[in-house]
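Single-structure report; data block below.
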Amino acid sequence: MPQYYIWTIGCQMNKAESEGLGSFFEQRGYQATATAEKADIIVLNSCVVRQSAEDRVINKLNALKSLKRLRPSLTLAVTGCLVNSDIEQIKKNFPHVDYFFKPGDYPQWLEKAERTQALPQHPPPSVYVPIIQGCNNFCSYCIVPYRRGRERSRPVAEITSEVRELVHRGAKEVTLLGQNVDSYGHDLPDKPDLADLLIELNNIDGLARLRFLTSHPKDMSAKLIETVAYLDKTCEQINLPVQSGSNDILEAMRRSYTVEHYRRLTGEIRGKIPGVALSTDVIVGFPSESKEQFQQTFSLLSELRFDTVHVAAYSPRPGTIAAKELEDNIPAAEKKRRLNIIEQLQEGIAAEINAQLLDKTVEVLVEGKQKGKWQGRTRSGKLVFFSDNGDYMGQLVNIRIEKTSPWSLQGKIELSGIN
Ligand code: SAM
Ligand code: SF4
């Protein structure tokens, strides 16, 4: 049996694409292998959102050179954000790679197959479904629109039949993906929006939970918030990257909203969706970010108290507006210092938020086992562990929380609560 190996780095979108690719290989009779050395086909699904990610991709590509030299019959393909529009140029840089294909563009032999053929035969309880590719926003620091092109939404009917099929094959929870998921649909003939799609998917029998990420504050509508509040399967979890707590930095980032707008939006979300978990992304050390501007970010995060904060140090990406026009003038050590400060703040906040769940009972979808413990997530997306000898894979169970930390919860199963 021929063997395939997929190496993935980057966002959920990349992970979802790799999963699709993996199942397609399996259907063609390939078998997954855990080591690149044994593979007949290797696909690198790349990310260049930060310099560190790009460096890892390049290192991996260089490491594979000797493997290809030893075994010229090996097929090596690269996808993801490294693959820009100038494929001829990257081909020159990496002559040992056989194929480059753009994210979402399966290579020719993959494209011919029906999309549903690429669905896994036995999906895990929780699956990702991309609904919109690309991004139209051109935030000044971000390389995504250059690498993934403009926004392209998949039709409602196509997504609905895919989700129905995944549920039929065993999936219980679906996370809808897009770089800018809440702008879904504006490019389709009937202009459905994300709320319309959620209403449609909420009707699917056997589906227990729906989520979506990542939302842009400028596209988060009152209709969407009300729909999330109203629909029973749509979980109380919103990912809403703020990026900075300073209006001047937000403007330089070209984020097209203000701190005041963002604050109002989170107030509306929390007012309408009881128990909602909010997460956000923040960049520290953006060009010219002063100590006061950083302090504004710190204050905003202290005030809004997110469940999760993903913090990154600014990394100039060649070709972006910020890299062309703004000097990367915050020293690396200062960026690291600011990053650590935010991480420490958030650790304390998450510890306090999670501690409120002590002695409470939460619904958990069991996704697997880790180090002998069952693991799953609450509707709000919190990681929960529990020990029990039964088989709970893919089940919704009630867990009484006995221990909490900033990152996860631990508890005991309440046997009367199994669905
Ligand atoms: N579309 C989403 C949004 O509007 O925030 C997120 C997409 S982006 C690929 C994921 C996160 O990476 C961003 O929220 C941002 O915090 C971070 N990021 C993107 N470009 C970056 C850069 N040049 N330097 C540091 N972090 C960056
Ligand atoms: Fe990048 Fe901004 Fe688009 Fe997010 S919204 S993918 S940060 S350009």
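Everything numeric here is computed off the predicted structure, so don't read it as measured data. In each ligand, atom 1 is the first atom listed, and ligand 1 is the first ligand listed.
In summary, the atoms of ligand 2 found under 4.0 Å from a heavy atom of Gln179, numbered by their order in the structure, are 6 (S). Close contacts of ligand 2 with Tyr141, meaning ligand atoms under 4.0 Å from a residue heavy atom, involve 7 (S). The atoms of ligand 2 that sit less than 4.0 Å from any heavy atom of Phe138 are 8 (S).
The protein atom (non-hydrogen) at minimum distance from atom 5 (S) of ligand 2 is Asn137 ND2, 3.3 Å.
The closest approach between a heavy atom of Cys139 and any atom of ligand 1 is not below 4.0 Å. The closest approach between a heavy atom of Val144 and any atom of ligand 1 is below 4.0 Å. No heavy atom of Arg148 sits closer than 4.0 Å to any atom of ligand 2. Under the 4.0 angstrom criterion for non-hydrogen atoms, His310 is not in contact with ligand 1.
Contacts of Arg255 with ligand 1, taken as heavy-atom pairs under 4.0 Å, involve the side chain alone. Only the side chain of Arg317 comes within 4.0 Å of ligand 1, judged by heavy-atom distances. Contacts between Cys139 and ligand 2, counted as non-hydrogen atom pairs separated by less than 4.0 Å, involve both the backbone and the side chain.
The one candidate from Arg211, Arg379, Lys382 that meets the side-chain hydrogen bond (donor to acceptor under 3.5 Å, both in side chains) condition with Gln237 is Arg211.
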- Item | salt bridge (Lys or Arg N to Asp or Glu O under 4.0 Å) assessment of Arg148 paired with Glu17 | CA-CA 13 Å; Arg148 291 184 175 253; Glu17 275 165 13; 3.7 Å; yes
- Task: Determine, stepwise, if the pair Phe138 / Tyr146 fulfils ring-ring contact (aromatic ring centres under 6.0 Å, His included).
- Result: CA-CA 8 Å; Phe138 289 93; Tyr146 302 91; 5.3 Å; yes
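Note that CD of Glu325 is 8.5 Å distant from OG of Ser140, once rounded to the nearest 0.5 Å.
With 3.5 Å as the limit, one finds a donor-acceptor pair spanning the side chains of Tyr4 and Glu26. Gln179 and Asn137 share no side-chain donor-acceptor pair at under 3.5 Å. A donor-acceptor pair shorter than 3.5 Å can be found between the side chains of Glu151 and Asn180. Judged by distance alone, the side chains of Gln344 and Asn340 never bring a donor and an acceptor atom under 3.5 Å apart.
Atom 3 (Fe) of ligand 2 has an N, O or S atom of Cys135 inside 2.8 Å of it.
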